[in-house]
Every structure is written in structure tokens, then in C-alpha cells.
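Input: a single structure, listed below in C-alpha cells.
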Amino acid sequence: MLRHLSSPLRLFAGSGCLSHLRAELARAGCSRVVVLGSPSLAESPVMASVVAACGEACVATLADARQNAPRQAVEGLRDAIRAVGADGVVAVGGGSVMVSARAALILLAEGKPLETLCTRIDQTGQPISPRLSAPKLPIFAVPTTPTTAVTKAGSAVSDGGHRRTLFDPKTRPAAIFLEPAGLDGTPEAVINRALANTLVSTVEGLLAATDPLAEGQLRQALRLLGPDRSRQDQAIAAILCAQGTDHTGLGLATVLSHALTAVTGLEGGTAKAIVLPHVLPLCSPDGLARLADGWGCPAAD
């Protein structure tokens with residue numbers, strides 16, 4: 001039996017898409033939002049455009065999200081969001097900003113220490129995620145990289161060499177805006193690291209795919225990740241990858257890269273790119289054939 005349950009997706013892409021932001025805020029009942037970014041985006045045109053698009057609904061801007069979402073920074077964001085009485089967050093940036101926003105809103109809503117909210121491994125080796133039942137403030141995402149983090153329900157906080165994972169479907173974005181100025185203004189090196197992460201995730205999803213709907217999303221993601229594609233296409237590929245891998249899971253390269261980032265501070269896409277070539281020889285012939293077909297090359301290659 002095939003069981004495929006997908007979360008809602010509200011996506012606005014292309015020039016002028018931010019003109020829909022105010023309507024989406026109103027649709028979610030938000031009148032006091034925080035615009036959240038990273039230090040590198042503090043004075044950027046895309047942050048200014050997002051603040052302008054929010055209008056009077058923007059009560060604060062925070063440029064304090066950090067790479068790999070360190071615990072101290074996430075807890076600081078939680079406190080800042082609480083202090084201004086925000087009823088929503090507009091997250092502008094790459095994967096670390098998206099993860100930081102989700103984690104901060106989980107801590108804010110649940111009101112408990114991070115350790116008690118994390119996924120843990122039981123005695124049989126199975127992950128157990130506590131039910132995080134408190135309502136969460138809505139997130140409106142304006143990604144500036146092709147990051148799979150934009151639509152995911154999980155968050156990972158780095159904490160002194162540990163990777164503490166939080167899972168809550170209520171933190172998926174209320175709406176996503178692919179603003180060309182934000183994507184095109186991001187340095188090439190940053191884009192490439194995000195692309196590496198998305199590419200490895202897409203590859204691992206295809207290697208494991210048993211759900212035909214998810215496989216279709218991943219094949220299309222692989223096509224849109226081509227070097228001749230626009231950054232908007234690549235960002236859409238990241239969304240397709242994220243949705244597809246919700247139903248296929250990921251693989252050993254992702255698991256090992258998480259361990260590397262936790263102990264070295266290495267950026268996630270770079271870690272995945274380092275690990276993947278060592279993992280591929282361990283994959284099943286069926287999975288490799290599916291990957292080769294998705295790339296349009298003979299399986300023998």
C-alpha cells in the first residue's frame with residue numbers, strides 16, 4: 001500500500017513576489033512580525049525590501065542568526081522575539097537562518113530547556129521525538145540560497161559539540177517567497193555550498209526512493225540543479241528535494257556530515273560533498289541505476 005501525505009505549500013516566485021507578503025501576513029493573522037536574518041544580510045537590499053514589504057507589521061529586525069544555529073544564538077533569538085511581542089517571523093537568508101527561526105520558535109512556545117525537547121535515541125536505536133504540542137508562531141520564508149531547510153520540519157541546534165535535533169511540523173513555513181534580488185545577490189561561494197547540500201540530499205533520496213511521487217519530485221529537482229539553470233530554478237529544486245526526501249529519508253552521507261559539522265563547525269553542504277564519494281560505492285545497484293537514469297546517463301557509468 002502506498003501512503004503519501006504532503007504538507008501544504010504556498011509559494012510565490014519571481015520579480016515582485018514580495019508584494020504578496022502583506023496579504024500572507026494578514027491571512028495568518030500576523031500584525032507584529034520580526035524580520036530575521038544573518039549578520040551578512042543586516043544592511044542588504046533584500047532585508048530592506050522585506051522590511052518595506054511588511055510595512056507597519058514589522059516591529060523589529062534581527063540579524064543575529066548564526067551558521068549551524070549555535071544554542072546561545074538561538075536562545076538569544078527566542079528572547080528577542082518574546083521581548084517585542086511578535087506574532088510571526090519573516091526569515092530571510094540561507095539554511096542556518098531557517099533552522100534558527102524554527103528552533104527559536106519551538107523554545108519560545110514550549111517554554112522548556114532544549115534538552116527536554118530534543119529527539120533522542122532509545123535502547124533499540126530508534127529515534128524518539130517528543131510531541132511538541134504548543135502552537136507555534138508562523139514563519140514566512142525568503143530564502144537567499146537553494147536550501148532544503150526552507151520547507152523542513154526539523155531543526156538542529158549545535159551545542160558544545162553536540163547536535164540537538166528538534167522536530168515539529170507546525171514550524172513549516174506559512175509561505176515562501178523566492179525573490180530574485182535576494183537569490184541573485186548572494187555570493188557564488190555561498191550558493192555553491194547550498195547547492196552541494198541540495199545535490200547530495202537529492203542523490204541520497206533517489207538512491208532510497210520507493211515512493212513514485214517522491215521519486216518524481218527528486219528527478220525534477222536533479223534536472224533543475226543543472227549548471228545552466230537560474231538561481232530561482234535551483235531554489236525550486238531545493239523545495240522539491242525537501243518535499244521528496246520527507247518520504248524517502250536520507251542516507252549515510254547526511255548522517256556522517258552531521259557528525260562532522262557538530263565537532264568541526266564545518267558548513268553542512270561542504271561536509272556532505274566530502275563524504276558522498278566515499279558512500280556511493282556502498283549503495284545498492286538498484287539505487288545507483290535509478291540515480292544514473294535520473295541523470296540521463298548509462299547505469300554502467
Side-chain angles (χ1 to χ4, degrees), residues 11 13 67-68 93-99 141 143-152 154 156 176 178 182-184 186-211 213-261 264 266-299 301:
L11 173 65
Q67 182 173 305
N68 295 332
S96 291
V97 175
M98 303 301 162
V99 168
T144 58
T145 68
T147 173
T148 60
V150 68
T151 65
K152 287 295 190 180
I176 302 170
L178 299 181
L183 292 164
D184 294 340
T186 302
E188 194 74 19
V190 177
I191 292 288
N192 286 340
R193 288 196 292 270
L195 283 174
N197 180 78
T198 297
L199 177 61
V200 174
S201 296
T202 303
V203 166
E204 290 203 305
L206 272 175
L207 289 169
T210 57
D211 180 326
L213 297 176
E215 183 179 341
Q217 289 175 310
L218 294 166
R219 284 175 176 267
Q220 177 70 344
L222 202 61
R223 188 176 74 85
L224 293 177
L225 286 171
D228 58 335
R229 291 291 179 169
S230 68
R231 289 190 175 181
Q232 179 175 302
D233 282 348
Q234 292 169 340
I236 291 173
I239 292 171
L240 288 168
C241 171
Q243 290 185 316
T245 52
D246 275 348
H247 302 279
T248 66
L250 295 168
L252 190 57
T254 296
V255 174
L256 293 176
S257 72
H258 288 169
L260 281 176
T261 58
T264 67
L266 197 64
E267 191 275 332
T270 303
K272 283 187 176 183
I274 291 170
V275 173
L276 182 66
H278 302 281
V279 169
L280 283 177
L282 306 176
C283 297
S284 72
D286 287 347
L288 290 171
R290 189 162 47 246
L291 175 61
D293 185 58
W295 249 317
C297 64
D301 293 345

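- Taking OG1 of Thr248 as the start and CG of Asp246 as the end, the distance is 8.5 Å to the nearest 0.5 Å.
- Between Ser284 and Leu207, the closest side-chain pair of non-hydrogen atoms is not below 4.5 Å.
- Under the side-chain contact (heavy atoms from CB on, under 4.5 Å) criterion, Ala141 pairs with Met98, Pro143, Val150, Pro173, Ile176, not counting sequence neighbours.
- Among residues two or more places apart in sequence or in another chain, the side chain to side chain donor-acceptor pair (under 3.5 Å) test is passed with Ser96 by none.
- Side-chain contact between Asn192 and Leu195 is present, with heavy atoms from C-beta onward closer than 4.5 Å.
- Residue pairs meeting the salt bridge (charged side-chain N to carboxylate O under 4.0 Å, His left out) criterion with at least one partner in residues 266-284, sequence neighbours excluded, are absent.
- Distance alone, capped at 3.5 Å, places no donor-acceptor pair between the Glu215 side chain and the Ala209 backbone.
- Partners of Thr151 under the side chain to side chain donor-acceptor pair (under 3.5 Å) rule, at least two apart in sequence or in another chain, do not exist in this structure.
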Yes or no on side chain to side chain contact (heavy atoms under 4.5 Å, CB included) for Thr148 and Thr245, after CA distance, side-chain angles and deciding distance?
CA-CA 10 Å; Thr148 60; Thr245 52; over 6 Å; no
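- For residues 231-244, the pairs satisfying side-chain hydrogen bond (donor to acceptor under 3.5 Å, both in side chains) are Glu188-Arg231, Gln217-Gln243, Arg229-Asp233, with sequence neighbours left out.
- Partners of Asn68 by side chain to side chain donor-acceptor pair (under 3.5 Å), not counting sequence neighbours: none found.
- A distance of 5.0 Å separates CG of Leu11 from CD1 of Ile239, quoted to the nearest 0.5 Å.
- Within the 4.5 Å cutoff, no side-chain heavy atoms of Trp295 are placed close to those of Leu206.
- With a 4.5 Å cut-off on side-chain heavy atoms, Ile236 and Gln220 do not count as touching.
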